[in-house]
Amino acid sequence: MSKTEVVVYANQDLLAAAAAARLVTRLVDVQAAKGSASLVLTGGGTGIAVLSELRGSSARDAIDWSRLDIYWGDERFVPADSDERNEKQAREALLDHVPLDPKRVHAIAASDGEFGDDVDSAAAAYAQVLADNAGPEDHGDVPSFDIMLLGLGGEGHTASVFPESPAVYETARTVVAVRDCPKPPPTRVSLTLPAIRRAQDVWLMTAGEAKADAVALALSGAGEVQLPVAGARGHRRTLWLLDRTAAGKLTKVYQPPTA
Ligand SMILES: O=C(O)[C@H](O)[C@@H](O)[C@H](O)[C@H](O)COP(=O)(O)O
């Protein structure tokens with residue numbers, strides 16, 4: 001049974017810096033244990049802030065970047081050079097500043113890529129990428145990602161899985177096209193909750209008072225159809241990394257002094 005842990009930081013900047021430090025430690029430990037590691041990135045302000053902090057960390061090169069596989073939990077289905085693209089933001093924040101093996105960076109197709117505007121084909125192709133990178137030890141068609149980073153929305157979405165959306169009911173496919181997404185841009189590609197749950201560690205990182213209700217509901221047993229982030233659990237560990245305001249409606253957790 002995986003464990004759920006909650007850590008609260010005094011503010012969003014400390015949250016991002018501490019999450020980056022955690023990434024160094026965990027990725028180095030995983031690489032020491034098995035020679036490589038896999039990390040799933042997320043979009044959103046907190047997710048990208050963590051990557052920027054990791055770029056600036058003096059410890060970052062303790063990670064063997066050449067043996068790190070990078071995936072995305074979701075992507076906005078926009079042109080490759082669009083500033084809204086999670087991949088573009090991640091490259092600017094971190095990926096283009098560290099010596100990754102380009103063959104181990106597994107981006108989701110852009111809307112001007114090989115599938116054109118066919119978002120269903122882009123989703124199916126990414127599902128195949130996941131299947132191609134799953135090993136016998138993964139028992140299926142998705143790698144057992146070592147760390148999956150996720151954000152969440154105030155209404156409880158995570159990745160691009162929104163409450164009561166077709167994606168939240170998906171149990172067969174690992175990656176789906178998302179249309180008419182409440183959070184712009186409207187068309188996206190997203191891992192489904194069953195695919196998210198193949199991760200060893202799921203880290204839910206968020207800040208801001210607007211997230212406090214979703215955080216409190218998710219940690220008090222809400223159902224995933226109404227609150228998809230409640231279904232984002234890791235095999236080994238589900239770690240909530242919050243700032244004080246996002247944790248504001250939690251009563252049983254340690255709240256650090258305001259910095
Ligand atoms: O592509 C996206 O938009 C993200 O994957 C999305 O799930 C994001 O992580 C949350 O909406 C939180 O975003 P903020 O951290 O900016 O609130």
Side-chain angles (χ1 to χ4, degrees), residues 9 11-20 23 39-54 70-80 82-95 106-111 119 122-123 126 145 147-163 165 167-168 175-193 195-196 199 202-215 217-218 224 227-232 238-248:
Y9 298 94
N11 57 53
Q12 183 168 2
D13 291 344
L14 281 175
L15 161 59
L23 275 177
L39 175 63
V40 184
L41 304 183
T42 181
T46 304
I48 298 300
V50 171
L51 301 186
S52 296
E53 287 289 341
L54 183 51
I70 298 283
Y71 299 88
W72 274 266
D74 74 332
E75 182 59 276
R76 291 87 175 274
F77 197 61
V78 293
S82 165
D83 289 340
E84 291 192 292
R85 203 143 141 90
N86 290 337
E87 179 197 4
K88 184 170 188 277
Q89 293 180 32
R91 287 188 176 282
E92 289 168 355
L94 174 68
L95 307 187
H106 310 283
I108 297 172
S111 64
V119 63
Y126 204 63
F145 306 115
I147 302 173
M148 176 167 295
L149 302 179
L150 288 171
L152 60 133
E155 84 299 305
H157 81 260
T158 194
S160 290
V161 182
F162 281 75
S165 66
V168 80
V175 185
V176 293
V178 174
R179 294 176 172 85
D180 306 321
C181 186
K183 175 180 180 181
T187 308
R188 294 156 171 252
V189 174
S190 183
L191 267 61
T192 58
L193 288 177
I196 287 170
V202 166
W203 296 8
L204 297 153
M205 315 177 300
T206 201
E209 194 169 356
K211 312 298 176 74
D213 285 332
V215 169
L217 285 169
E224 66 186 37
L227 205 85
V229 70
T238 305
L239 180 60
W240 290 77
L241 302 176
L242 307 169
D243 79 335
R244 284 176 61 89
T245 55

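Order of listing sets the numbers, starting from 1, for every ligand and every atom in it. The chain is numbered in sequence order, starting from 1.
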Inset, instruction - Classify the contact between D74 and ligand 1 as side chain, backbone, both or neither, using a heavy-atom distance cut-off of under 4.0 Å. - result: side chain
Legend entry - NZ/NE/NH1/NH2 to OD/OE distance under 4.0 Å, R188 and E75: no
Inset, instruction - Decide whether the shortest distance between a heavy atom of R188 and an atom of ligand 1 is less than 4.0 Å. - result: yes
Legend entry - side chain to side chain contact (heavy atoms under 4.5 Å, CB included) between M205 and W240, worked out: CA-CA 6 Å; M205 315 177 300; W240 290 77; over 6 Å; no
Inset, instruction - Could you say whether the N/O atoms of K183 and ligand 1 ever approach to under 3.5 Å? - result: yes
Legend entry - Contact (N/O only, under 3.5 Å) between G43 and ligand 1: yes
Inset, instruction - Please determine, by modelled atom types, if N11 and R244 share a side-chain donor-acceptor pair under 3.5 angstrom. - result: no
Inset, instruction - Using distance alone, determine whether S160 and ligand 1 share an N or O pair under 3.5 Å. - result: no
Legend entry - Nitrogen or oxygen atoms of G45 and ligand 1 under 3.5 Å apart: yes
Legend entry - K211 touching ligand 1 at heavy-atom level, < 4.0 angstrom: yes
Inset, instruction - Assess N86 for proximity to ligand 1: is some non-hydrogen atom of it under 4.0 Å away? - result: yes
Legend entry - Proximity to ligand 1 by part of A159, non-hydrogen separation under 4.0 Å: backbone
Legend entry - Result of checking L242, L241, T238 against L204 for side-chain contact (heavy atoms from CB on, under 4.5 Å): T238
